[in-house]
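So the structure is just underneath, and the comments pick up after that.
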Amino acid sequence: MIDVDPDAALDQVLAILRASRLFGALDTAWLHALAQRLELRHVNAGELVFKESAASDSMIIVLSGRLRVSRYAREGNRLLYNELCPGECVGETGMILQQPRTADVIALRDSMVAELPRAGYEALIMGNPLLFNQLFSQAIYHYLRHTPQLSERRRAQSYVVVPLEEGDEAQVLCAGMAAALGKLGRVRHLQPEALTDGESSADQIARRIGSVDALETQSDYLIYEAQANLGDWTRHAVRHADQVVFVTSHAASPALNDLEHRLRSEPGFSFKRQHIVLLHPKGTIRPSEPIPWREGRELERIYLVRRECEEDFARLGRFLTGRAVGIVLGGGGARGFAHLGVLRALEEAGIPIDLVGGNSMGALIGAQYACGSTLDEILAGTQALAAGGVRFTLPMVSMLSNTRMERDLQTMFGDARIDTLWRPYFAAACNLSRACTAVQDQGPLWRAVMASNSPAGLLPPVLSDGDLLVDGAILDNVPVEAMRMRLGTPLEKRRGNGTIIAVDVDVREHLSVDPSVRRLSAWGKIKSHLSNREAATPGIGDILYRASHMGGLTQRMRTISLADFYLEPPVAEFPLMGYRHASEIVEVAYRYTIAEIAKWDRQSILE
């Protein structure tokens, strides 16, 4: 045990255990028995708590601070996994099964942990075999299922805003973050402190702002405003923050500066989630290019933010707190107009859209939405594009020419690039060369949309660095997996990593012929078309379309399982090429989505 007030330490341990889903069900007597077997210790930022491959002779319960789970890949690079918050435990599975540690566990910042050694675990098992065997079996079950261990968050999430240059950028960003996070909970903005010589900086800071423990229990979010130098205040702020948010002017040089180099040697710094905000003047139309800022940095995300733009700061706040909402719009020809009805219903319900992804028609509508176009503008623009039509060509590469589509998409999107949109966006395509889904989140917007709208055989592939890109429906018509990865989430649904809304308009139509038909022929197709029979003979367009959508149709259940909310507007009655029915399709989808949203727990999306 460390040198602390025993009564205060016991009260803290009991409070943490009661808040835990795993231990909170214990009655008072056994809860005290568990607490008395725990050994408290302080770990400094950057200190190794568990080492991968070491013997599992204990488990850890976090009392304060944050721990980070990590391990090395075969290539030698370090992979960062989940953070452990107060009340969460780690190491129980290895201890119970007597297996080596599966990962490193390192203190993100100064933390207090309670360690249960194997001897203590065995004593508890001997004291009440049935109770504690069930309890620790449940721990293994939750570990395998990735179930959150806390019944509610007891400690504040903390962020440090680090300016990369002298100026007011940090102050502006902190104020914007405080306003955005203030709508989600209690916020404390901690501004730089002027420290004097003759007394330790830690004592001065604690006297002026209070203890870290008190700050974290009295707030939901702590925002430390650092300075553009590694003084005592900045060092303190970085040391006690969970996430680092660098901020700089959009016009600054993207080269690494001295402060960044020095921060890398700070204990635990390399294990913290790191972001950068490029702050733009109010009213900026086109943001600066973010890609150069990734050079030499390990960044989770780059945010493009305009001063005094409440929408930008709100989106930033949702990303930082794991509340971002991503929408995935699937392909389906004219039925894709349903996406406009869905978006209209979501807007009216106050559900924000922070990230847009799509395929085919969904990519086209999503790109316009990401550009900031209104729903009416998108409807008119998409109808005009469809009215342009396509031309037949010599069928050596494809049946149809994409010359007119390319021209019209370049007119629609101009020189806009995907990575310079205020609202993040991606378009899915199928890479025929590499037999995989290509997620396009950089480069010219018009080209990404065209690749996603080029069904193999009907339109020529779009070339990208020598590879052939076509409509992504061959493999994934509703690219939910790509959205999960962009929300920083593993491939399972976990609360706290954002919300995904998937919209599927690809109707599973019956493609067959009359059983009396012995073979398909051009003349048979013509007769079928002229006779206007209900069971018409499929033509090359029908066959190619179905073939190109087989991947999406066969993995629909996977799409549903990876999405938090799955919408399938009832648009089967509308023909695939029924663009003249656009307004009707929008209205049907709107009414359907309104009814579906009424069934949702909307608070779980926004909280």
Side-chain angles (χ1 to χ4, degrees), residues 1-2 4-43 49-67 69 71 81-105 111-155 490 492-496 604:
M1 298 284 287
I2 62 171
V4 296
D5 180 351
D7 293 333
L10 180 61
D11 289 343
Q12 181 184 8
V13 171
L14 291 172
I16 291 292
L17 294 178
R18 290 191 184 101
S20 166
R21 291 191 188 277
L22 180 61
F23 304 113
L26 291 173
D27 62 32
T28 301
W30 286 111
L31 199 67
H32 277 261
L34 171 60
Q36 289 167 357
R37 295 287 179 181
L38 297 174
E39 300 176 2
L40 273 62
R41 64 187 178 99
H42 178 86
V43 290
V49 179
F50 287 160
K51 182 174 178 57
E52 185 177 357
S53 301
S56 298
D57 54 4
S58 66
M59 61 171 281
I60 289 288
I61 302 173
V62 184
L63 300 181
S64 66
R66 292 288 193 282
L67 307 183
V69 180
R71 62 177 308 180
Y81 294 100
N82 55 305
E83 294 178 18
L84 298 170
C85 305
E88 295 185 303
C89 55
V90 63
E92 68 278 9
T93 303
M95 181 188 71
I96 295 167
L97 302 179
Q98 300 188 53
Q99 296 178 339
R101 305 290 189 200
T102 58
D104 290 342
V105 177
S111 305
M112 182 76 72
V113 301
E115 186 169 19
L116 177 66
R118 182 165 185 83
Y121 159 72
E122 292 175 346
L124 292 171
I125 292 291
M126 293 293 292
N128 193 329
L130 179 60
L131 174 65
F132 283 100
N133 270 311
Q134 287 180 337
L135 182 76
F136 287 106
S137 295
Q138 187 180 15
I140 297 176
Y141 173 79
H142 288 327
Y143 169 79
L144 295 175
R145 296 274 297 180
H146 303 279
T147 305
Q149 300 174 12
L150 292 177
S151 57
E152 61 178 289
R153 185 175 291 279
R154 295 286 184 176
R155 297 273 175 158
E492 69 270 350
K493 291 184 286 186
R494 295 186 63 184
R495 179 172 172 79
S604 68

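These values consider heavy atoms only, across backbone and side chains, with no hydrogens, waters or symmetry-generated copies.
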From [atom1] ([X]) to [atom2] ([Y]), nearest 0.5 Å:
X	Y	atom1	atom2	answer
D27	N128	CG	CG	8.5 Å
I96	Q98	CD1	CD	10.5 Å
H32	L17	NE2	CG	10.0 Å
L10	Q36	CG	CD	7.0 Å
W30	L131	CH2	CG	7.0 Å

For [X] and [Y], which heavy atoms make the closest approach, and how far apart are they?
X	Y	result
V62	C85	CB-O, 3.5 Å
G87	I16	CA-CG2, 3.3 Å
L14	A35	CD2-CB, 4.0 Å
C89	F23	SG-CE1, 4.4 Å
S111	G65	OG-CA, 3.5 Å

Does any non-hydrogen side-chain atom of [Y] lie less than 4.5 Å from one of [X]?
X	Y	answer
R18	V13	no
V113	L67	yes
V90	I61	no
V69	D104	no
E83	E88	no
Q12	S64	yes
P86	R66	yes
V49	R41	yes

### Task
Kindly state whether the ring of F136 and the ring of Y121 have centres lying under 6.0 angstrom apart.
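Centroid distance F136-Y121: below 6.0 Å, so yes.
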### Query
Under a 4.0 Å N-O cut-off, is there an ion pair linking E52 with R101?
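Here E52 does not pair with R101 in a salt bridge, since their nearest N and O are not under 4.0 Å apart.
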### Task
Could you give me the CA-CA distance, side-chain angles and deciding distance for I60 and V105, then say whether side chain to side chain contact (heavy atoms under 4.5 Å, CB included) is met?
CA-CA 10 Å; I60 289 288; V105 177; over 6 Å; no
### Message
One pair to check against side-chain hydrogen bond (donor to acceptor under 3.5 Å, both in side chains): E115 and S58. What are the steps and the verdict?
### Response
CA-CA 7 Å; E115 186 169 19; S58 66; 2.5 Å; yes
### Message
When you measure from the side chain of R118 to the backbone of M95, do you find a donor-acceptor pair of N or O atoms at a distance under 3.5 Å?
### Response
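Side chain of R118 to backbone of M95: a pair is present.
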